[in-house]
Amino acid sequence: MIMEKTTKIEGNAGIDKVEDIKTAAPAAAEKIANEAPALADPADAAAAAVTITPWIHKVQYYETDQMQVVHHSNFIRWFEECRVHVLDEIGYGYDRLEAAGIMSPVLSIEAKIKISVRFGETVKIHAAIEKFDGIRLTLRYEVRRAEDDAVCCTGMTGHCFLGKDGRLISLKRKYPKIYETLCKFPTEFV
């Protein structure tokens, strides 16, 4: 019986440990990876893609230098915080992708600082898809100061999708629901 070989992952209601399912029934593993928890049909997926919210971050003292200006390395961290946030919002957070056996390493990073950000300020980080072909994904980011909406930093991260064996995978072929959802991700900052 399949359920005897599966275990629940802590904090992820309804997601079984995919490695166990794959040994028992490969079709069951693919079914889990292709179901979005909060997206019942494509109309819901389209609505979710339009309503992605920016990631809000209040600058902490440890993120600044002696002049209380944010150190450049923190923009990269904020991009990751935003990426985790928006993937969660569309129903395919990193925990869900990894449970399905999908890894998404960072291949490239770019950040262009326009205006200094200082200790105590709050920023909004927006994300949008620059390019996506099912194997590679490029996201653009815009960091805006919450107080006056001034653009403080722009950037991008490039990613690919790998199976647990380290080989490139095509989401379009292997995980069509995930592919379709990512295709509906905004291409402009919302």
Side-chain angles (χ1 to χ4, degrees), residues 9 12 15 18-19 21-22 26-27 29-39 41-55 57 72-114 124-144 151-190:
I9 297 173
N12 290 323
I15 301 175
V18 175
E19 294 86 0
I21 293 173
K22 282 184 179 177
E30 189 161 329
K31 181 177 184 257
I32 287 171
N34 282 321
E35 292 176 353
L39 305 178
D41 63 29
D44 290 342
V50 174
T51 58
I52 288 175
T53 59
W55 177 248
H57 181 84
H72 62 274
S73 64
N74 289 294
F75 289 101
I76 304 304
R77 290 182 182 154
W78 297 350
F79 293 168
E80 181 175 351
E81 289 175 8
C82 181
R83 187 169 60 252
V84 168
H85 166 71
V86 297
L87 287 174
D88 283 343
E89 280 199 328
I90 66 171
Y92 289 111
Y94 275 113
D95 56 346
R96 186 168 176 81
L97 292 176
E98 289 178 4
I102 303 168
M103 305 296 130
S104 184
V106 175
L107 301 175
S108 59
I109 301 170
E110 179 182 296
K112 293 180 183 177
I113 299 168
K114 311 274 187 189
K124 299 181 290 184
I125 302 107
H126 300 264
I129 284 187
E130 176 75 21
K131 191 165 123 181
F132 175 60
D133 63 9
I135 298 170
R136 295 183 191 275
L137 170 69
T138 304
L139 292 171
R140 289 182 297 120
Y141 304 90
E142 193 172 73
V143 179
R144 292 182 168 269
V151 177
C152 303
C153 179
T154 59
M156 59 73 59
T157 56
H159 308 266
C160 67
F161 297 97
L162 304 175
K164 286 198 174 184
D165 60 1
R167 293 183 181 187
L168 285 172
I169 58 173
S170 168
L171 294 181
K172 187 174 185 176
R173 281 197 326 257
K174 194 162 181 171
Y175 303 99
K177 297 272 189 198
I178 297 172
Y179 174 79
E180 291 167 17
T181 301
L182 285 172
C183 283
K184 294 173 182 162
F185 194 95
T187 56
E188 300 297 324
F189 298 120
V190 182

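Below, all heavy atoms of this structure are taken into account, side chains as well, without hydrogens, waters or symmetry copies.
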| Residues, nucleotides or ligands: over 12 heavy atoms within 6.0 Å of K172 NZ |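 Counting neighbours around NZ of K172, 12 or fewer heavy atoms of other residues, nucleotides or ligands fall under 6.0 Å, so no.
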Beyond-backbone contact of [X] with [Y], side-chain heavy atoms, under 4.5 angstrom:
X	Y	result
L182	L171	yes
M156	S108	yes
L87	V84	no
F132	Y179	yes
R83	V106	yes
V143	F75	yes
L168	F161	no
T138	L107	no

If you round to the nearest 0.5 Å, how far is [atom2] of [Y] from [atom1] of [X]?
X	Y	atom1	atom2	answer
R77	E80	CZ	CD	9.5 Å
I52	H126	CD1	NE2	12.0 Å
T154	R144	OG1	CZ	10.5 Å

Exercise: identify the closest heavy-atom pair between [X] and [Y]:
X	Y	answer
F185	A128	CE2-CA, 3.8 Å
C82	I125	SG-O, 3.4 Å
I109	T157	CG1-CG2, 4.3 Å
A111	I76	CB-CD1, 4.0 Å
E110	F79	O-CE1, 3.5 Å

Short question: side chain of [X], backbone of [Y] - any donor-acceptor pair under 3.5 Å?
X	Y	answer
D133	R136	yes
Y175	A100	yes
E142	V151	no

| Candidate pair L137 and I129, rule side-chain contact (heavy atoms from CB on, under 4.5 Å), full reasoning | CA-CA 7 Å; L137 170 69; I129 284 187; 3.7 Å; yes
| request: Over 60° means perpendicular and under 30° means parallel, so classify the ring planes of W55 and H85, tilted if in between. | output: tilted
| Centre of F189's six-membered ring, under 6.0 Å away, within 45 degrees of the axis: is that where NZ or CZ of R140 sits? |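 The answer is yes; both the distance and angle limits are met.
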| message | Between S104 and Y94, is there a side-chain donor-acceptor contact under 3.5 Å, judged purely by atom types and distance? | response | no
